[in-house]
2 protein chains.
Amino acid sequence: MPLRRSALQSGPTKPEAGHTPSRGATREQVDAAIRAGLLTGRFIPGKAVTIRGLATELGVSPMPVREVLQRLAAENALEVKPNGRVQVPDMTPARFDEVLKARLLLEPELAELALPHLTPGDAGNLQSIDNDIDDRLISGDAEAYMRLNHAFHFSIYRASGSKVLLPLIDSLWLQFAPFMRTVYGRVGTASLVDRHKEAIRAVELRDKEALRSAIAADISEGMGLLGKEILAGT
Amino acid sequence: MPLRRSALQSGPTKPEAGHTPSRGATREQVDAAIRAGLLTGRFIPGKAVTIRGLATELGVSPMPVREVLQRLAAENALEVKPNGRVQVPDMTPARFDEVLKARLLLEPELAELALPHLTPGDAGNLQSIDNDIDDRLISGDAEAYMRLNHAFHFSIYRASGSKVLLPLIDSLWLQFAPFMRTVYGRVGTASLVDRHKEAIRAVELRDKEALRSAIAADISEGMGLLGKEILAGT
DNA sequence: AGCAGGATTTTGTGATCACAAAATGACATG
DNA sequence: CATGTCATTTTGTGATCACAAAATCCTGCT
């Protein structure tokens, strides 16, 4: 086997020695790798993803990949077709509307719940992430933009300590991210707008309503307008 | 092994002949069995659930059970502890508040989306389910009540044809159902109230707002009041 | 009796195998 | 050249195995 460079492996591979690292570590590694790949759009919707393929790509046995694929299918991040093939589900207008609606219902709510837990230090981190985003936008690095945008939102949401709403939102992001990647591939990243600055100010001022509307506007303008346009032209 | 009567198997077991039924059929069977068990409260929160145990109980190999458990863990219906053990997560006040909030955000919305698709025939089905529920309430059959109450709500929600909101709500029900079972075990079923009648009338009249508030009231009165009371006393 | 400590069993995890279904490709036929 | 057919390969699925960690049980001591 030629050991080709994988698009999923960012750092050097781990299995240096035969020692088992810890309980379920391999599965978590595989899970993190595939999740990150989905969130940054490295999987193309409609393209089949094979168990053995990912397994050899990640240098593990098919077993942990099988389990992770089932997990992601349960979160509707992947779709198991009746023949057993697994693929990233392709976006439909109906699905898009639903994801948008769900995001608008849940994300402002969770941001509000997180607000009391956000420290001035967190606001600083958000500021720094947003600066990175601006850099990536002008350099046109869509993959890095998606990773940072995810980091921005979830830095807020995670502060809530939520164990229910957060996983739901997680599932939503996994569902729309691969599609948005294809959108950015068409319209580029230069025209992207967000409401991150308003959100940061709202966090600094601890203004509940301002944060809600910043998040809501970020969603409907950033995702809503762009996506509708693309889906209409298909 | 004495082949004890399983609490999960309702009918006679299937694997009569060695013929493979169809693609992934075993997994679906296992998935349906465990899901139904969770929704009717046949699993006790905090009690560990073992792969091999379920496997022999269902008469299958551990493999499909492993995958299904991973799926359900991804939906937060089960919890994988750091040692790998899998159990039904026990309810905490914080978790309960979040589930309640999420239900109130999502379920009235999906009911409204479903309303245009609900026919007079559907209203009749709802009526018949609700009649069954009333019978079970006075006879005190908590397990049947939970199954029918689930059927009532999801008969509405499924009509929406939703592929995003519906799975999210599915996940929520799997999370609170086992806890509610313990609640019914304490307070009995005679005192349960619901807003099903109002919901049915709203469906018949195609009254959007009436349906929303019927569902919302059903949630906050049926689940909210009962749960708060129990959690406060723990 | 209470309890620590070690042996035994149980359990999850990752790997591999066998099999059937599906996808793929080659090839012959119209 | 298009098209249907058949052989080959790939793929998912379920089962089984080996191993280590965890839990459980038993025993012997104070």
Side-chain angles (χ1 to χ4, degrees), chain A residues 1-2 4 8 13-34 43-44 46-74 77-89, chain B residues 1-2 4 8 13-34 43-44 46-74 77-89:
Chain A
M1 171 146 309
R4 55 182 170 181
L8 289 176
T13 26
K14 289 294 179 50
E16 35 200 19
H19 70 85
T20 305
S22 95
R23 197 76 169 188
T26 308
R27 182 172 52 216
E28 280 183 27
Q29 173 193 344
V30 171
D31 188 280
I34 301 183
F43 293 94
I44 294 101
K47 190 80 167 293
V49 50
T50 67
I51 294 177
R52 286 175 173 88
L54 283 177
T56 61
E57 209 166 348
L58 293 169
V60 298
S61 100
M63 278 301 313
V65 178
R66 276 171 70 168
E67 296 187 341
V68 168
L69 255 45
Q70 290 294 326
R71 290 186 73 113
L72 292 168
L78 294 173
E79 179 187 19
V80 278
K81 306 198 70 179
N83 31 344
R85 280 314 252 298
V86 173
Q87 65 174 54
V88 179
Chain B
M1 170 150 307
R4 54 180 172 184
L8 288 176
T13 25
K14 289 295 179 51
E16 34 199 23
H19 69 85
T20 305
S22 97
R23 196 75 168 188
T26 308
R27 181 171 54 216
E28 281 183 27
Q29 173 193 342
V30 171
D31 188 279
I34 301 182
F43 293 94
I44 294 101
K47 190 80 169 295
V49 49
T50 68
I51 295 177
R52 286 175 173 88
L54 283 176
T56 61
E57 207 165 348
L58 294 169
V60 298
S61 100
M63 278 303 312
V65 178
R66 276 171 70 169
E67 296 187 341
V68 167
L69 256 45
Q70 290 294 324
R71 290 187 72 114
L72 292 169
L78 294 174
E79 178 187 18
V80 277
K81 306 199 72 179
N83 32 348
R85 284 306 259 292
V86 173
Q87 66 174 56
V88 179

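Only this structure's heavy atoms are used, side chains among them; waters, hydrogens and symmetry mates stay out. Chain letters run A, B, ... following the sequence lines, proteins first and then strands; every chain starts at 1.
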> Below the 4.0 Å mark, does D:dA21 have OP1 or OP2 next to a side-chain nitrogen or oxygen of B:N83?
no
> Between B:A77 and B:P89, which heavy-atom pair has the shortest distance, and what is it?
O-CD, 3.5 Å
> If I take atom CD1 from residue A:I34 and atom CG from residue A:L54, how far apart are they, to the nearest 0.5 angstrom?
5.0 Å
> Within this structure, what is the NZ-to-C1' distance between B:K47 and D:dA23, rounded to whole angstrom?
15 Å
> Taking side chain to side chain donor-acceptor pair (under 3.5 Å) as the test, write out the residues that go with B:Q70, two or more places apart.
A:R71
> Check step by step if side-chain contact (heavy atoms from CB on, under 4.5 Å) holds for B:K81 and A:R23.
CA-CA 10 Å; B:K81 306 199 72 179; A:R23 197 76 169 188; over 6 Å; no
> Quick one: A:L78 CG to D:dG12 P, roughly how many Å, whole number?
12 Å
> Please name the pair of heavy atoms, one in A:V60 and one in A:T26, separated by the smallest distance, quoted to 0.1 Å.
CG1-CG2, 3.7 Å
> Considering all heavy atoms of both residues, which atom of A:L58 and which atom of A:V30 are nearest to each other, and what is their separation?
CD1-CG1, 3.9 Å
> Measure the CZ-NZ distance between B:R85 and B:K47 for me, rounded to the nearest 0.5 Å.
11.0 Å
> Can you tell me how far CD of B:E57 sits from CZ of B:R52, rounded to the nearest 0.5 angstrom?
15.0 Å
> List, with names and distances, any nitrogen or oxygen atoms from the protein found under 3.5 Å away from nitrogen or oxygen atoms belonging to nucleotides 13-17 of chain C.
residue	atom	partner	partner atom	Å
C:dT13	OP1	A:R27	NH2	2.5
C:dG14	OP1	A:T26	N	3.3
C:dG14	OP1	A:T26	OG1	3.4
C:dG14	OP1	A:R27	N	3.4
C:dG14	N7	B:R66	NH1	3.3
C:dG14	N7	B:R66	NH2	3.0
C:dG14	O6	B:R66	NH1	3.3
C:dA15	OP2	A:S61	N	2.8
C:dA15	OP2	A:S61	OG	2.4
C:dA15	O5'	A:S61	OG	3.4

> Could you work out how much the helix from C:dA1-D:dT30 to C:dG30-D:dC1 bends, comparing the axis of its first five pairs with that of its last five, to 10°?
10°
